[in-house]
Novice: 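I'd like to ask you about the structure that follows.
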Protein chains: 2
Amino acid sequence: MSKIERKEREKQLRRESILDAAESVFFEKGLIASTMDEIAEKAELSKGTLYLYYRSKDDLYLGVICRGFDILIGKLSEAASPDVSTIQKLLNIGSAYYNFSQKHTHYFRMFSFLESPQFHTMASEELLNESHNQSKRAWDVIIDVISNGIKDGTFRENIDPVQMAIILWSNATAIMKLKDRKDQFWIENLNVDIDTVLQKSNAMLVSTMLTENAKRYYQPKL
Amino acid sequence: MSKIERKEREKQLRRESILDAAESVFFEKGLIASTMDEIAEKAELSKGTLYLYYRSKDDLYLGVICRGFDILIGKLSEAASPDVSTIQKLLNIGSAYYNFSQKHTHYFRMFSFLESPQFHTMASEELLNESHNQSKRAWDVIIDVISNGIKDGTFRENIDPVQMAIILWSNATAIMKLKDRKDQFWIENLNVDIDTVLQKSNAMLVSTMLTENAKRYYQPKL
DNA sequence: CAATTAAATGACTGTTAGTCATTTAATTAT
DNA sequence: ATAATTAAATGACTAACAGTCATTTAATTG
C-alpha cells in the first residue's frame, strides 16, 4: 500500500513549495514586512492552508533558515574533507563561511534571528530544535578539524577544541556581520577594510594556537 | 522671560518620565510584547500623548538604548582614565564592558536592535543618529587607548588602532552575547565555561598586538 | 475674564497573524 | 458506479495593536 507513501511525498512537496514562496517573500522584504497573505498568494494557496503545513510565520522563517544551514553545512563539510593539511582545512573553512556570507547574504542575515528569542515567540519546538541541531552540525565540522589538528601536532595540546571553535567562529561571524551592515555605521567614515580585519583577526587567533613546530611551516600574517 | 525655558524643562522632564515607563515595560516584556497602551498606562498618560513626545515605538526603544549607552560610555571612560599602564587600561575596559553586560543585561541585549534595520523601520533619523553617535563615542574610547599604546611602545607599530578596536570589541561582544543565551543553545551540553573563553580569546588577541619589549612585562595566559 | 495657544485625550482606522466553520476534493466502502 | 467517509483547502472572521486626529481640557496672554 503505497498510497500513504505517495500522500506523504505530496505533503512534503507542498511543504517545500510553500517554503519556496516564503523564501522569496522573506528575501525580498524581511521578516517583519512580509505578510502571510503575500506568501499565500505567491504559493497559490489560501492563507489558511499555510497554517496546515506550518504552525506560524516564525516557523516558516525557521524553515527557510534551515535551508540556509543545509547549504552552509554542505560547504563547510566540503571544505573540511579534502586530504590537505589541518591549516589548509581551517583556511578553507574560513573561506567557505566567508563566501557563504557573501553569496547567500539573505540566509546569513536570517541566522541572527535565532539569537533573539523575543523575535520568535511563535516558533514551534520542532523547528527550533531542527535549527539548533543544524547549527550544532556546523560547529562539529570545525571542532573536528581542530581536534585533529591537536592530534597531528599542528595545534598546541593545551587548547580546548570547543573553546577554540567558539572563538574562531564567533570572531568570523561578528566581523562578517559588521561588513554586511558597514554602510549603516560610522565605520564607513574611517576607511577600514573589513576584509583585512577579518584576515588579520583570524591570523592572530590561529597564530596563538600553533605549536612551535607548526609555526615553522606556516606563519600567519599579523 | 524664563517662561519658555521652564516649558522646555518641563517638556524634557515629561520625555524622561515617558522613557522611565517605556524602559520598565521594555525590560519586562521586550520590544515585541510591549504595547504602547501599556507604556501609556505606566506613564499615566494616554497613548496619543506618547506620540507627542516620541514619533514611534521604535523611537521609544531607541531612547532607552541611548540611556544604556550613556551608562556604558561612562564606565568605559572611567576605565580608560586612571593613570595606569596601557595594558591595565585595556584590561579595565574589558572588565567594564563585561560587568556592564552582566549588570545591565537588558541594555546589553537591546543594543542588538541597532544591528537589524528591518526591526526599526519606524525609527526617526534623529534618534538613530543619536544612538550611532553614542556608539561611536564608545568606540573612540578604545581606539584612543590603543593609539596611545602604540605611541608608548606597548603595541606594535604596524597594527591599526581602528582595526584592533574592531577586533577586540567584536570578539568581546560576540562571546558575551553567547554567554547571555548559553542556555538556549547546544553549548550547554558541552560544559564550556564562557568566561574562560572570553579571557582566552582576549589574551590571544592582545598577545599578538604586543611589542617584544611589552611581552617582557606582561604575558597573557593562552 | 475673554481670547488664544498649547497639551492631552481616546475613539477610530488600517493592518495583519492566526482561527475555524464551511466547502471542495479525494478515498474508501457498498 | 455511487454513496459515505475522510482529508485538504478556503476565506470570512477575530483579536491585537501601532499610529492618527478631531475634540476636549488646561495654560497663557491680552
Side-chain angles (χ1 to χ4, degrees), chain A residues 1-19 21-22 25-26 28-64 113 118-124 126-127, chain B residues 1-19 21-22 25-26 28-64 113 118-124 126-127:
Chain A
M1 177 59 85
S2 79
K3 279 276 172 61
I4 297 161
E5 283 173 33
R6 184 178 55 84
K7 267 286 171 69
E8 203 45 54
R9 225 168 40 238
E10 273 173 5
K11 206 163 180 177
Q12 200 47 46
L13 280 174
R14 178 131 288 185
R15 272 179 75 89
E16 284 305 313
S17 97
I18 288 173
L19 222 47
V25 177
F26 284 141
E28 196 193 337
K29 310 208 168 176
L31 174 62
I32 306 283
S34 300
T35 71
M36 291 301 274
D37 283 302
E38 201 177 351
I39 294 168
E41 194 183 2
K42 196 127 204 164
E44 291 172 301
L45 289 168
S46 73
K47 180 157 66 159
T49 307
L50 297 190
Y51 284 92
L52 295 176
Y53 291 87
Y54 289 90
R55 285 233 234 295
S56 65
K57 190 183 176 186
D58 287 350
D59 265 18
L60 273 175
Y61 204 73
L62 279 176
V64 177
F113 181 70
Q118 77 149 137
F119 290 123
H120 47 71
T121 47
M122 290 298 142
S124 67
E126 293 116 285
L127 271 160
Chain B
M1 175 59 86
S2 78
K3 281 277 173 62
I4 296 161
E5 282 174 31
R6 185 176 56 84
K7 268 289 173 67
E8 201 46 53
R9 225 167 41 236
E10 274 174 5
K11 204 163 179 175
Q12 200 48 43
L13 281 174
R14 179 129 288 185
R15 272 180 76 91
E16 283 306 313
S17 97
I18 288 173
L19 221 48
V25 178
F26 284 142
E28 196 194 336
K29 311 205 168 181
L31 173 63
I32 305 284
S34 300
T35 71
M36 290 303 273
D37 283 301
E38 202 176 351
I39 294 169
E41 195 183 3
K42 196 127 205 164
E44 291 171 302
L45 289 168
S46 71
K47 180 158 66 162
T49 307
L50 296 191
Y51 284 93
L52 296 177
Y53 292 87
Y54 290 90
R55 286 234 237 291
S56 66
K57 190 184 177 185
D58 287 348
D59 265 17
L60 272 174
Y61 204 74
L62 279 177
V64 178
F113 181 69
Q118 77 150 134
F119 289 123
H120 47 71
T121 46
M122 290 298 142
S124 67
E126 293 115 286
L127 271 161

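Below, chains carry the letters A, B, ... as their sequence lines are ordered, and counting in each starts from 1. Model, not experiment: these values are computed from the prediction.
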Novice: Between atom CD1 in B:I32 and atom C1' in D:dA18, what is the gap in whole Å?
Specialist: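 Taking CD1 of B:I32 and C1' of D:dA18, I get 12 Å after rounding.
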Novice: For A:Y53, does its backbone N or O pair with a side-chain atom of A:K11 as donor and acceptor, under 3.5 Å?
Specialist: no
Novice: Nearest-nucleotide wise, let me know which of B:E10 and B:L31 is further upstream toward the 5' end of DNA chain D.
Specialist: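 Looking at the nearest nucleotide for each, B:L31 comes out on the 5' side.
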Novice: Given atom CD of A:E38 and atom P of D:dG11, what is their separation to the nearest angstrom?
Specialist: 17 Å
Novice: Heavy atoms from C-beta onward define the side chain here; which of C:dA8, D:dT28, C:dA17 lies closest to that of B:K7?
Specialist: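 Among the listed nucleotides, the one closest to the side chain of B:K7 is D:dT28.
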Novice: In whole Å, I'd like the distance from the NZ atom of B:K29 to the P atom of D:dA18.
Specialist: 12 Å
Novice: Hey, does the side chain of A:R55 come within less than 4.0 Å of C:dT19's phosphate (OP1/OP2), counting only N and O?
Specialist: no
Novice: Between C:dT15 atom P and A:K57 atom NZ, what is the distance in whole Å?
Specialist: 15 Å
Novice: Below 4.0 angstrom from OP1 or OP2 of D:dG11, is there any side-chain N or O of A:K47?
Specialist: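 No, no such contact exists.
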Novice: In whole angstrom, give the distance that lies between atom CG of B:D59 and atom P of D:dT20.
Specialist: 12 Å
Novice: I need the CD-C1' distance between A:E41 and C:dT16, as an integer number of Å.
Specialist: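 Rounded to whole Å, this separation is 15 Å.
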Novice: Please tell me which of A:G48 and A:D37 maps to the more 5' nucleotide of DNA chain C, matching each residue to the nucleotide holding its nearest heavy atom.
Specialist: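 It is A:D37, whose closest nucleotide lies nearer the 5' terminus.
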Novice: Could you work out which one of D:dG11, D:dG19, C:dA7 sits closest to the side chain of B:Y51?
Specialist: D:dG19
Novice: Of the nucleotides D:dA9, C:dA7, C:dA8, which one has an atom closest to the side chain of A:R14?
Specialist: D:dA9
Novice: Could you please name the option among C:dA7, C:dG18, C:dA17 that lies closest to any side-chain atom of A:T35?
Specialist: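 Nearest to the side-chain atoms of A:T35, counting from C-beta on, is C:dA17.
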Novice: Do B:L45 and B:I18 have side chains that approach each other closer than 4.5 Å (heavy atoms only, starting at C-beta)?
Specialist: yes
Novice: B:T49 side chain N/O closer than 4.0 Å to the phosphate oxygens (OP1, OP2) of C:dT9?
Specialist: yes
Novice: Please give me the minimum heavy-atom distance between B:K42 and B:V25, naming the atom from each residue.
Specialist: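 Minimum heavy-atom separation between B:K42 and B:V25: CD-CG2, 3.9 Å.
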Novice: Indicate, with a heavy-atom threshold strictly under 4.0 Å, whether B:S34 touches base, sugar-phosphate, or nothing.
Specialist: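 Sugar-phosphate only.
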Novice: Would you call the rings of A:F26 and A:Y61 parallel, tilted or perpendicular, where under 30° means parallel and over 60° means perpendicular?
Specialist: perpendicular
Novice: So, OP1 or OP2 of C:dA8: does either fall under 4.0 Å of a side-chain N or O from B:Y53?
Specialist: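 The answer is yes; a side-chain N or O of B:Y53 sits under 4.0 Å from OP1 or OP2.
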Novice: Assess whether a salt bridge exists between A:R6 and A:E10, defined as any Lys/Arg side-chain N lying under 4.0 Å from an Asp/Glu carboxylate O.
Specialist: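 Salt bridge between A:R6 and A:E10, a charged N being under 4.0 Å from a carboxylate O: yes.
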Novice: Let's see if you can work this out: which of C:dA8, D:dT10, C:dT27 has an atom nearest to the side-chain heavy atoms of B:L52?
Specialist: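 Out of C:dA8, D:dT10, C:dT27, the nucleotide with an atom closest to B:L52's side chain is C:dA8.
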Novice: Figure out the CG/C1' separation between A:L45 and D:dA8, and round it to whole Å.
Specialist: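 Atom-to-atom, A:L45 to D:dA8, this comes out as 10 Å.
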Novice: Starting at atom NZ of B:K11, determine the distance to atom C1' of C:dA8, rounded to an integer number of angstrom.
Specialist: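 About 13 Å, once rounded to whole Å.
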